[in-house]
There are 2 protein chains.
Amino acid sequence: MNDRVVPPTARRRRRPTKTGVVLSEELIVETALRLLKEHGADALTVRRLGLALGADPTALYRYFRDTDDLLLAIADELIGRTLRTWRPTGDWRADLRDLGLRMHADSLAHPQAAVLSSYRVTGRVHEIEAVETILGVLRGAGFPDPEAVRIYHAFVDQALAFAALDAASVALPRPAREAEADVWRATYARLPADSHPHIAATARHLVADMRRSAYPAALDLLLTAAAARLAEIEGQRTT
Amino acid sequence: MNDRVVPPTARRRRRPTKTGVVLSEELIVETALRLLKEHGADALTVRRLGLALGADPTALYRYFRDTDDLLLAIADELIGRTLRTWRPTGDWRADLRDLGLRMHADSLAHPQAAVLSSYRVTGRVHEIEAVETILGVLRGAGFPDPEAVRIYHAFVDQALAFAALDAASVALPRPAREAEADVWRATYARLPADSHPHIAATARHLVADMRRSAYPAALDLLLTAAAARLAEIEGQRTT
DNA sequence: TTAACAGGTCAACGCTGTTGACATAAGGTT
DNA sequence: AACCTTATGTCAACAGCGTTGACCTGTTAA
């Protein structure tokens with residue numbers, strides 16, 4: 001265990017580094033996000049982060065226990081950014097659709113961070129705010145509590161899961177990524193109809209569809225089913 | 001680029017290692033899966049794999065370009081294993097539900113491998129077989145080709161995405177995993193009702209629901225919406 | 001003015017994937 | 001049966017990784 005970290009609230013002395021930079025949790029998280037965005041997931045190493053900050057790499061360990069702790073801070077910052085740009089209208093289905101697509105899009109804007117952090121429960125402020133907001137939308141729409149939680153869970157995990165899946169593709173090293181795109185054209189689209197009739201029959205659609213994310217389609221399927229369930233519940237209630 | 005690899009078909013000479021083991025692609029993949037299962041994701045390193053095989057670590061590079069290439073081979077082997085235990089009945093909805101749950105369960109049985117490989121397109125034999133089979137189920141059910149591809153894509157990517165998401169949780173180092181489980185009880189369940197009314201009202205359900213995977217619920221929502229769409233299509237066809 | 005100590009720095013640890021050079025046994029050819 | 005080619009196992013080395021303990025120094029509270 002690492003006991004070098006001082007809780008942020010107790011931090012008072014801020015000593016500049018050799019290059020004159022004054023470090024802080026926020027500065028480190030921002031710099032890490034910039035590094036990820038500009039140079040890819042492999043660029044986020046303790047040494048490179050130190051270099052980008054203008055500080056000795058090991059100065060990080062005064063702010064975060066280890067790289068995993070830094071990762072959770074990055075994850076929470078991403079949640080916060082997404083939530084900040086979202087404007088709910090009161091129409092639960094449209095609002096959830098919008099939020100889901102935003103979470104997905106924002107993850108793809110920082111694929112390297114999304115890949116590393118989307119499956120983590122941070123328990124930090126922004127995450128808590130997001131949970132509260134989404135539950136509010138569902139309960140406001142009329143879902144009873146157990147149903148609201150069930151749909152909340154499916155909705156959020158679907159968004160996070162697809163965000164991670166698609167971010168992982170985007171985050172692949174360039175050659176590997178191009179190789180994957182080619183597989184559909186070069187391998188699947190060329191399979192003979194007698195051995196693989198279904199692939200051959202739909203090859204045209206496959207090539208076109210597989211290059212896009214399936215998330216919008218999957219999200220709409222989920223919301224459609226949820227709406228049907230809500231109608232069912234309200235039908236029961238009035239009878 | 002690494003040109004040490006000889007295509008499997010051209011392999012003729014098999015020279016035993018110092019310890020007498022005769023290497024092969026299959027043996028390496030199996031050993032890698034065993035390592036992952038028994039000792040976790042961090043245990044899969046070139047050196048440890050060499051040790052487990054009873055060979056010099058670098059002998060691997062005669063069979064796989066690099067560790068990524070090995071990973072794809074592992075991924076395809078997992079697909080094959082899942083498909084092999086699946087028995088379709090002819091009822092498309094039940095069959096897809098069963099297949100989805102199997103893919104998910106098998107991934108969780110090898111979480112480390114699933115995390116690393118579920119977002120990859122391997123283009124290898126088992127994957128091709130899976131694509132052909134699932135498309136066959138959907139086309140057989142009566143979905144027109146573009147719709148079949150759309151639903152295929154959403155179904156498969158959702159299964160893979162949830163598999164990766166849930167596998168990632170399972171694959172966390174033990175202390176981190178326990179810390180996450182605690183967050184729901186220790187942080188969320190204790191938020192006061194005046195600042196976080198929706199969380200407070202549903203805390204009981206949250207604690208119970210969030211410890212399970214949301215995949216079965218999400219899968220059922222997807223299949224429900226797909227069935228509704230099929231009914232709609234067939235309605236149009238007869239009018 | 002001074003004493004305490006947060007926090008920046010440095011050197012070192014054991015680990016990683018990967019490469020190039022080398023050694024040798026398998027197996028087709030003669 | 002001897003030979004030659006070459007597939008493939010081995011070895012040493014490289015650069016880079018996260019992390020730690022020891023050290024040093026500027027900031028701040030008293």
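Everything numeric in this text was worked out from a predicted model, so none of it was measured.
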task: Kindly say whether A:G54 contributes a backbone atom to a donor-acceptor pair with the side chain of A:T17 at under 3.5 angstrom?
output: yes
message: Quick one, B:L60 and B:L53 - any side-chain contact, counting heavy atoms below 4.5 Å?
response: yes
- request: Check whether any side-chain nitrogen or oxygen of B:Y61 sits under 4.0 Å from OP1 or OP2 of D:dG9, and answer yes or no.
  value: no
message: In whole Å, I'd like the distance from the CG atom of A:D42 to the P atom of C:dT16.
response: 18 Å
Heavy-atom donor-acceptor pair, A:T202 side chain to B:V149 backbone, under 3.5 Å: no
- request: Could you tell me the separation between the CG atom of B:D68 and the C1' atom of C:dT18, rounded to a whole number of Å?
  value: 14 Å
- request: Ignoring backbone atoms, test whether A:T58 places a side-chain nitrogen or oxygen under 4.0 Å from the OP1 or OP2 oxygen of D:dT20.
  value: no
field: Whether A:T45 side chain and A:R48 backbone form a donor-acceptor pair below 3.5 Å
entry: yes
query: Nearest-Å distance, CZ (B:R62) to P (C:dA25)?
result: 16 Å
message: Strictly below 4.0 Å: does A:K18 bring a side-chain N or O up to OP1 or OP2 of C:dC10?
response: yes
- line: Residues A:I79 and A:H126: closest non-hydrogen pair is CG2-O, 3.6 Å
message: Among D:dA7, D:dT19, C:dC10, which nucleotide has an atom closest to any side-chain atom of A:D56?
response: C:dC10
- prompt: D:dG16 P sits how many Å from A:L51 CG, rounded?
  reply: 12 Å
query: Given atom CG of B:L44 and atom C1' of C:dC15, what is their separation to the nearest angstrom?
result: 15 Å
- prompt: Atom CG of B:L60 to atom P of D:dG9: distance rounded to whole Å?
  reply: 10 Å
- request: Could you check whether B:T45 gets within reach of a base, just the sugar-phosphate, or nothing at all, counting any heavy atom under 4.0 Å?
  value: sugar-phosphate
- request: Round to the nearest Å and state the distance from B:E25 atom CD to D:dA7 atom P.
  value: 16 Å
- prompt: NA contact type, A:A59, heavy-atom cut-off 4.0 Å: base, sugar-phosphate, or nothing?
  reply: base
task: Would you mind reading off the distance between B:R47 atom CZ and D:dG16 atom P, rounded to a whole angstrom?
output: 16 Å
